[in-house]
Amino acid sequence: MEMPAPNAAVLARKGWIVGRLREALGADAVIDDPAATRAYECDALTAYRCPPMAAVLPSTTEEVAAVVRICAAEGVPVVPRGSGTSLAGGALPTADCVILGVARMNAVLETDYENRFIRVQAGRTNLSVTGAVEADGFFYAPDPSSQLACAIAGNIAMNSGGAHCLKYGVTTNNLLGATVVLMDGTVVELGGAHLDSAGLDLLGLFCGSEGQLGIVTEATLRILPKPEGARPVLMGFDSSEVAGACVADIIKAGVLPVAIEFMDRLCIEVTDEFSGAGYPDCEALLIVEVEGSPAEIDEQLGLILQIARRHDPVELREATDEAEAKRIWLGRKSAFGAVGRINDYMCLDGTIPVSQLPRVLRRIGELSAEYGLQVGNVFHAGDGNMHPLILFDANKPGDLETCEAMGAEILKLCVEVGGCLTGEHGVGIEKRDLMGFQYTPDDLEAQMEIKDVFDPGWLLNPAKVFPLEASAPRRNGPAQAA
């Protein structure tokens with residue numbers, strides 16, 4: 001994956017720049033030792049690595065502003081970093097950049113149960129937001145598989161979702177406000193502790209912007225009362241296509257489960273061995289969960305099971321208690337880690353209309369045979385957010401390139417059937433060169449003109465999202481030649 005050459009002039013001034021950063025933040029918040037910066041050389045897309053010039057760990061919005069003012073004055077690229085769990089290379093450094101990590105910014109700043117919001121620093125992990133309010137009967141809805149580790153900053157950058165986004169929506173549906181530092185050091189407040197703000201929807205513009213427009217330092221998030229109860233049902237089927245058809249029929253029936261998750265045989269076997277969840281011997285598995293009062297749950301599951309039986313399931317297993325519910329979810333929640341124990345893999349993130357699930361799953365199987373690489377499918381089936389895991393050998397010459405070529409075909413397929421390149425992982429560098437497949441040159445130009453407004457020097461998160469050829473005139477402009 002091509003990355004631009006580092007700015008030699010910036011590297012030549014490394015000592016001066018690092019000295020200024022230490023003056024602003026203190027010595028313990030600046031990392032420039034080559035051995036130590038290797039901790040920041042990649043994110044969860046580990047196929048690509050590049051140690052940054054330096055990394056900084058500010059603790060406040062004011063410190064973030066001080067860092068970007070220094071970097072802007074010196075022409076130094078800045079790569080914002082949450083917890084480094086991006087699967088698309090969204091936090092991949094360049095050799096001349098400063099990584100701006102928000103891990104130390106993890107405080108709860110305000111909690112308001114009456115108005116149902118919590119305000120946190122953006123380095124707080126996703127799961128710990130719920131942890132701060134669950135004793136009082138509330139929770140934060142978006143739940144990415146990496147929620148134990150991923151930061152709210154990264155969730156906002158990539159507009160992350162999770163298993164329960166079918167009912168509750170993704171990050172943008174649960175984000176009320178944000179404090180943002182622009183590249184000139186200006187601090188702006190977007191949104192607030194209310195549903196909608198007057199004027200332009202700048203909060204919606206920043207959510208999902210992948211660190212291209214500014215650095216989120218604080219977030220006001222919607223919290224919700226915990227439901228009275230929830231119950232999952234596990235369904236096994238003879239083929240992925242049949243399972244996909246069952247999902248489409250559930251959605252067409254007008255039922256709104258809180259989650260519909262899909263796993264194919266490869267993922268079922270690997271995760272079951274890892275977790276001991278006790279999954280059935282089948283080609284495809286669905287986990288469907290509903291919530292509400294006992295009567296509501298019974299009514300919804302009754303209709304869902306009725307639909308499932310039309311597709312001749314191998315097994316239907318309804319959780320009878322909390323322990324069984326946790327076992328049903330255990331394998332799904334550990335799927336990515338379990339597959340990682342047996343092979344290198346690349347996790348894709350295309351979205352498709354639910355009605356196209358059978359067709360897309362069938363074609364992924366054909367591509368697997370054509371390219372000679374196994375694929376494990378595990379994804380949020382209810383909203384068509386696909387996560388094919390393409391297995392490859394990182395030590396085998398040419399395997400990574402074959403994997404990427406196959407991944408591009410799958411992502412193009414998602415667009416062809418009416419979907420898009422990404423649902424929650426973002427574009428980063430992984431899908432950067434496919435943007436022209438979904439967007440016209442005019443579309444891309446309009447998007448880059450927005451970045452021009454907020455980051456005229458193109459110093460924020462360089463070489464991401466936009467194809468390098470299209471963005472070259474801006475990245476190599478006067479501001480970058482300083």
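For the single chain, residues carry numbers from 1 onward in sequence order.
- The two atoms that bring L421 and Q438 nearest to each other are N-OE1, 3.0 Å, heavy atoms only.
- Residues I118 and A132 come closest through the heavy atom pair CD1-CB, 4.1 Å.
- For K167, the salt bridge (Lys or Arg N to Asp or Glu O under 4.0 Å) test picks out E291, with sequence neighbours left out.
- Side-chain N/O atoms of D136 and Y113 include a donor and acceptor closer than 3.5 Å.
- Atom CD of E469 has 12 or fewer heavy atoms from other residues, nucleotides or ligands within 6.0 Å.
- Side chains of V78 and M183 form a contact here, defined as non-hydrogen atoms less than 4.5 Å apart.
- In this structure, OG1 on T111 lies 15.0 Å from CZ on R116, to the nearest 0.5 angstrom.
- Between F466 and W458, the ring planes are tilted. Angles from 30° to 60° get that label.
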Quiz item: Would T422 and D349 count as a side chain to side chain donor-acceptor pair (under 3.5 Å) if you check the C-alpha gap in whole Å, the side-chain angles of each, and the deciding distance to 0.1 Å?
Solution: CA-CA 5 Å; T422 179; D349 174 47; 2.5 Å; yes
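- Side-chain polar atoms of E189 and T179 form a donor-acceptor pair below 3.5 angstrom.
- By the 6.0 Å contact criterion, CZ on R38 is open, its count of non-hydrogen atoms from other residues, nucleotides or ligands being 12 or less.
- For N461 (side chain) and Q212 (main-chain N/O), no donor-acceptor pair under 3.5 Å exists by modelled atom type.
- Without hydrogens or angle criteria, Q147 side chain to D143 main chain gives no donor-acceptor distance under 3.5 Å.
- Legend: side chain to side chain donor-acceptor pair (under 3.5 Å) pairs involving residues 15-27, not counting sequence neighbours, sorted by first then second residue: W16-E74, R20-E74, R22-D32.
- I364 approaches P388 most closely through the heavy-atom pair CD1-CG, 4.0 Å.
- Between the side chain of N174 and the backbone N or O of I223, no donor-acceptor pair lies under 3.5 Å.
- Looking at heavy atoms from C-beta onward, Y345 lies in side-chain contact with C347 at the 4.5 angstrom threshold.
- Looking at L45 and M346, their side chains come closer than 4.5 Å, going by heavy atoms from C-beta outward.
- Within the 3.5 Å criterion, the main-chain N or O of C207 finds no donor-acceptor partner in the side chain of N159.
- Ring geometry for H425 versus H387: interplanar angle under 30°, hence parallel rather than tilted (30 to 60°).
- Atom CD1 of I31 sits about 9.5 Å away from atom CG of D28, to the nearest 0.5 Å.
- Annotation: side chain of L373 is in contact with side chain of C403 (closest heavy-atom distance under 4.5 Å).
- Annotation: the span from E424 atom CD to S145 atom OG amounts to 7.5 Å, rounded to 0.5 Å.
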Exercise. Give the C-alpha distance, both sets of side-chain angles, the deciding distance and a yes or no for side chain to side chain contact (heavy atoms under 4.5 Å, CB included) between D344 and L391.
Key: CA-CA 6 Å; D344 303 304; L391 279 58; over 6 Å; no
Quiz item: Would D43 and R49 count as a salt bridge (charged side-chain N to carboxylate O under 4.0 Å, His left out) if you check the C-alpha gap in whole Å, the side-chain angles of each, and the deciding distance to 0.1 Å?
Solution: CA-CA 8 Å; D43 52 25; R49 301 166 184 264; over 6 Å; no
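- A donor-acceptor contact shorter than 3.5 Å is absent between the side chain of D452 and the backbone of P456.
- Stacking of K226 on the aromatic ring of F139 is not recorded, the 6.0 Å distance cut-off and the 45° axial limit not both being met.
- With salt bridges taken as basic N to acidic carboxylate O contacts below 4.0 Å, one links E445 and R474.
- When atom types are taken as modelled, the side chain of S128 and the backbone of G131 share no donor-acceptor pair closer than 3.5 angstrom.
- Considering every non-hydrogen atom in both A44 and L87, the closest pair reads CB-CD2, 3.7 Å.
- We find the CG-CD distance between L57 and E63 to be 10.0 Å, quoted to the nearest 0.5 Å.
- No side-chain donor from either of D393 and N343 sits under 3.5 Å from a side-chain acceptor of the other.
- Nearest heavy atoms, V339 versus C267: CG2-SG, 4.4 Å.
- Of the inter-residue distances, the one linking S209 atom OG with I156 atom CD1 reads 9.5 Å to the nearest 0.5 angstrom.
- Considering only heavy atoms from C-beta on, L109 comes within 4.5 Å of Q121 through its side chain.
- Between L100 and V64 there is a side-chain heavy-atom pair separated by less than 4.5 Å.
- Panel note: side chain E409, backbone E404; no donor-acceptor pair is recorded below 3.5 Å.
- Using a distance-only test at 3.5 Å, with no hydrogens or angles considered, no donor-acceptor pair links the side chain of K451 to the main chain of L213.
- Residue D96 forms a side-chain contact (heavy atoms from CB on, under 4.5 Å) with just one option from V76, L11, I17, and that option is L11.
- Put simply, the side chain of R81 never gets that close to the backbone of I99: no donor and acceptor are under 3.5 Å apart.
- Using a distance-only test at 3.5 Å, with no hydrogens or angles considered, a donor-acceptor pair links the side chain of T402 to the main chain of G398.
- D443 and T440 form a side-chain donor-acceptor contact under 3.5 Å, judged by distance and modelled atom types alone.
- Closest of all the heavy-atom pairs between L92 and M3 is CD2-CE, 3.9 Å.
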Practice problem: May I have the step-by-step check of side chain to side chain contact (heavy atoms under 4.5 Å, CB included) for V98 and V56, ending in yes or no? | Solution: CA-CA 7 Å; V98 166; V56 297; 3.9 Å; yes
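- Contact annotation: the side chain of L176 never approaches that of H194 to less than 4.5 Å [non-hydrogen atoms, C-beta and beyond].
- Within the model, atoms CE of M263 and CG of N377 stand 11.0 Å from one another, a figure rounded to the nearest 0.5 Å.
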Quiz item: Step by step, would you call W329 with E261 a side chain to side chain donor-acceptor pair (under 3.5 Å)?
Solution: CA-CA 10 Å; W329 275 110; E261 295 295 295; over 6 Å; no
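- With hydrogens and angles left out, the side-chain atoms of S240 and D264 include no donor and acceptor closer than 3.5 Å.
- Under the salt bridge (Lys or Arg N to Asp or Glu O under 4.0 Å) criterion, E210 pairs with no residue, sequence neighbours left out.
- The side-chain heavy atoms of I352 and L357, taken from C-beta on, include a pair separated by under 4.5 Å.
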Exercise. Take E218 and T61, measure what side chain to side chain contact (heavy atoms under 4.5 Å, CB included) needs, and give me the verdict at the end.
Key: CA-CA 8 Å; E218 297 176 10; T61 296; 3.5 Å; yes
Practice problem: Determine, step by step, whether V415 and L434 satisfy the side chain to side chain contact (heavy atoms under 4.5 Å, CB included) criterion, reporting the C-alpha distance in whole Å, the side-chain angles of both residues, the deciding distance to 0.1 Å, and the verdict. | Solution: CA-CA 10 Å; V415 176; L434 294 173; over 6 Å; no
